[in-house]
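Scroll down for the structure; my scribbles are underneath it.
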Amino acid sequence: MRWSQLFIPTLREAPADAQATNHTLLIRGGFIRQLHSGHYSLLPLGLRVHEKVAAIVRREMEAIGAQEFLLPAMHPAEIWKKSGRWQAVGEELFRLVDRKGADNVLGMTHEEVFAEVAKEITSYKALPQIWFQIQWKFRDEPRPKGGLLRVREFAMKDSYSFDVDEAGLDSSFDAHRRAYERIFAALGLPTIAVQASSGAMGGSGSTEFMVPSPAGEDDIALCRECGYASNLERAQAQIAELVDRDLPDLMRFPTPGVRTIAALETVAGGATAVHQIKTMVMVLDGEVTLALLRGDHELELQKLADYTGAADVRPATPDEALKWLGAHPGSLGAVHVEDLRIICDPALRGRRGLTTGANEDDWHFSGVDVARDIAVDDWADLRRVKAAEPCVVCGMPLEVLRCIEAGHIFKLGTKYSSALGAFVLDRNGKQTPLVMGSYGIGIGRNLAAVAEVYHDDKGLVWPLAVAPFDVVITILNLKDAVSRRASETLYQDLLNQGIDVLLDDRGVRAGVKFADAELIGVPYRVTIGPRALAEGEVEITTRSTNETLRCPIGLVVEHLNEIVNKQKR
RNA sequence: CGGGACGUGGCGCAGUUCGGUAGCGCACCUGCUUUGGGAGCAGGGGGUCGCUGGUUCAAAUCCAGUCGUCCCGACCA
């Protein structure tokens, strides 16, 4: 294509609103424009990259036998009520009422609709099936951010596997895992597969594909030694043995003004944090619950939500704490509390000689024996792992990494098929619900992740696989007829080889062309100028290395064809 | 939802404290010169200052409300 005819509105400066690297560079390079928060227009350049990402995903899905569908983006509320997500999902689900007064939803994923279609699978003989689509999803995110990383409408490849039993599901799941590894390799994204929470979707075997990046929103724990990797939402670590203090008797003591763990460490009669109990008053779907942790440990909210199955988890307000426990935060404890559910982290199991709030402002207990003094209802891992703690598997120090979630696969089981009535007959003639898996990759998010990983101070540095163009031909002097002729010939020849080539035939100065070519990140630039041309040569510059080599003009096509098509294979 | 910042030509910003009818850089248009790293000179077009209401002779500027955007946290298939 000819640059002079394309709409590529490059910007010297990025809008003040753009913060994330992918955001500023995609805006400056003329790939995207924001319409409003969480909604972006893909401009021609952005769409080209988007489609190349989608094509890679499509190719690898088809390679595992997946069939492409296109389902409606808008659904009747009825199927969401059947699956239970109408209630379970909450405000993230876009809901709208049509002229007849009927409730509708804009799909955030398509388990319900695919399960509806899957009702027509009636025999185990038709299984397994893997179905996918690349379709727009809508999510009323509380806070869109990071350019294309977190938005309210976006294209997602979602696939669903249908099997007659768990063994079949395992096999479909593994096929997806391998397909995803190939997809991310093709995109040039270094991913780490981690154990994850399946959140509101329900299911098990939840695995996320994470790209380490400071622009990400998830933290993972990673062991370089044994390969243990988990989202912090469910990561575990070993806990060193502790010797309890010898304080056999429960004692109330005054602690005027002491409101924090840290303050309690230094006050007379206090205790270091490891000898304290942290009492978090939480409200789970409206029910007040106490979450107990060792003083130096932090609560991982998602673990609490996963364990209890609660959809809405929040800390109690100070007023609520006062109402239920009789004191304000800072003096709260679970000793002798009978009427509230108490969930306790295993780090406190069997511990004695502990210090905790006495549920009266300015008073604490010491000598607390968890087994003797606290009516624990549930023991559940609730603590958030911290960097450098020993790996739960091998004991080596864990690393904590900020990551972008590039893909997510998990085993749904029969939740949706049972709810929506998608049953088949098995080989014994017995009716059985389809066993489903669900697998997602956000196209735009992966585009953004590539941009986050591949850029430099001059702009984007697209891997060839997703670059908007493979090659840009930069004509330095448009008025030079020899240059023009050479450029046109080369342009046609490269097109004939199936290479995506952009001819920069704009009447602007060389510096502008160089800067723009670098900004939009085309992997290879052919510079056609009088200097080299006088010797029958052109220059080929590699964007990623900034290396330039001279090439006789007659060999350019062959040379580029070789490097471009070699990488594409 | 809590905290913070901000809305002035396409983009980046100044002007707001001490009201007087909008300015700079980039971009854009025309001409001449220039032509291997975001050119120079000259001329020119474009905004009523997010929106609504109020105060005032007079509001970008003061007051109230409202909408929107970004960041941190909360939350988040």
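B:rG36: no Watson-Crick or G-U partner with both key distances under 3.5 Å is found in any strand. Look at B:rG68: its Watson-Crick or wobble partner, with both distances under 3.5 angstrom, is B:rC6. Across every strand in view, B:rC13 sits in a pair with B:rG23 that passes the Watson-Crick or G-U test at under 3.5 angstrom. Using Watson-Crick or G-U wobble geometry with both donor-acceptor distances under 3.5 Å, B:rU61 finds no partner in any strand shown. Checking B:rC41 for Watson-Crick or G-U wobble geometry (two distances, each under 3.5 Å) identifies B:rG31 as its partner.
Residues A:W131 and A:F69 bring their aromatic ring centres within 6.0 Å. Note: A:H110 and A:F132 fail the aromatic proximity criterion, with ring centroids not under 6.0 Å apart. The aromatic ring centroids of A:W136 and A:F154 lie 6.0 Å or more from each other.
In this structure A:N231 satisfies the side chain to side chain contact (heavy atoms under 4.5 Å, CB included) test together with A:V194, A:A196, A:E208, A:M210, A:D218, A:E233, sequence neighbours excluded.
Between A:D158 and A:K137 there is a salt bridge, with a side-chain nitrogen of the basic residue lying less than 4.0 Å from a carboxylate oxygen of the acidic one. A:E300 and A:R234 are not joined by a salt bridge, as no carboxylate oxygen comes within less than 4.0 angstrom of a charged side-chain nitrogen. The pair A:K411-A:D170 counts as a salt bridge, with a side-chain nitrogen and a carboxylate oxygen less than 4.0 angstrom apart.
Using a 4.0 Å heavy-atom criterion, one finds that A:A14 contacts the sugar-phosphate atoms exclusively. A:K145 comes within contact range of the sugar-phosphate backbone alone, with a heavy-atom separation under 4.0 Å but no base atom that close. Note on A:Q34: only backbone sugar-phosphate atoms sit closer than 4.0 angstrom, heavy atoms only; bases stay farther off. Residue contacts shown for A:G146 are limited to sugar-phosphate atoms, with no base heavy atom under 4.0 Å away. Heavy atoms of A:E13 sit under 4.0 angstrom from at least one base atom.
Going from the P atom of B:rU48 to that of B:rA60 covers 12 Å, rounded to whole Å. The C1' atoms of B:rU17 and B:rU61 are separated by 10 Å, rounded to the nearest whole Å. Nucleotides B:rC24 and B:rU8 have their C1' atoms positioned 12 Å apart, rounded to a whole Å. Annotation: B:rG68 and B:rG19 have their P atoms spaced 32 Å apart (nearest Å). As rounded to the nearest Å, B:rG7 and B:rG15 have P atoms that lie 10 Å from one another. Separation of the C1' atoms belonging to B:rG40 and B:rG23 is 24 Å when rounded to the nearest angstrom. The C1' atoms of B:rA74 and B:rA64 are separated by 30 Å, rounded to the nearest whole Å. To the nearest whole angstrom, the two C1' atoms, one in B:rG25 and one in B:rU33, are 23 Å apart.
Taking atom CG of A:L478 as the reference point, atom P of B:rU34 lies 17 Å away to the nearest angstrom. When the C1' atom of B:rC76 is taken as reference, atom CD of A:E300 falls 13 Å away, rounded to whole Å. Taking atom NE2 of A:H39 as the reference point, atom C1' of B:rC70 lies 16 Å away to the nearest angstrom. To the nearest angstrom, P of B:rA27 lies 17 Å from CZ of A:F7. At whole-Å resolution of the value, CD1 in A:I27 and C1' in B:rG12 are 14 Å apart. Taking atom CG on A:D17 and atom P on B:rC71, their separation rounds to 8 Å, with Å as the unit. The CD atom of A:E141 sits 13 Å away from the P atom of B:rC70 (whole-angstrom rounding). Nucleotide B:rG73 holds its C1' atom 15 Å from the CG atom of A:D218, rounded to whole Å.
No donor-acceptor pair closer than 3.5 Å links the side chain of A:Y180 to the backbone N or O of A:A193. Looking at A:T542, its side chain never comes within 3.5 Å of a backbone N or O of A:S544 through a donor-acceptor pair. For the pair A:D345 (side chain) and A:R383 (backbone), a donor-acceptor distance under 3.5 Å is present.
In terms of position along RNA chain B, the nucleotide closest to A:P144 lies nearer the 5' end than the nucleotide closest to the other residue of the pair A:R314 and A:P144.
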* side chain to side chain donor-acceptor pair (under 3.5 Å) between A:K157 and A:S159: does it pass, once the steps are laid out? -> CA-CA 7 Å; A:K157 184 290 296 176; A:S159 49; 2.7 Å; yes
* Asked: What is the per-nucleotide protein-contact pattern of nucleotides 35-45 of chain B, from the 5' end, where B denotes a base atom under 4.0 Å from a protein heavy atom, S denotes such proximity for sugar-phosphate atoms only, and - denotes neither?
  -> BBBBB------
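Listed candidates were B:rU69, B:rC72, B:rA74. Nearest to the side chain of A:P142 is B:rA74. Of the candidate nucleotides B:rG12, B:rU69, B:rC71, B:rC71 has the atom lying nearest to any side-chain atom of A:Q19.
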Close N or O pairs between protein and nucleotides 2-7 of chain B (under 3.5 Å):
none

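Taking only side-chain nitrogens and oxygens, A:H36 never comes nearer than 4.0 Å to OP1 or OP2 of B:rG68.
The side-chain tip of A:R95 points at the ring of A:W86 from less than 6.0 angstrom away and within 45° of straight on.
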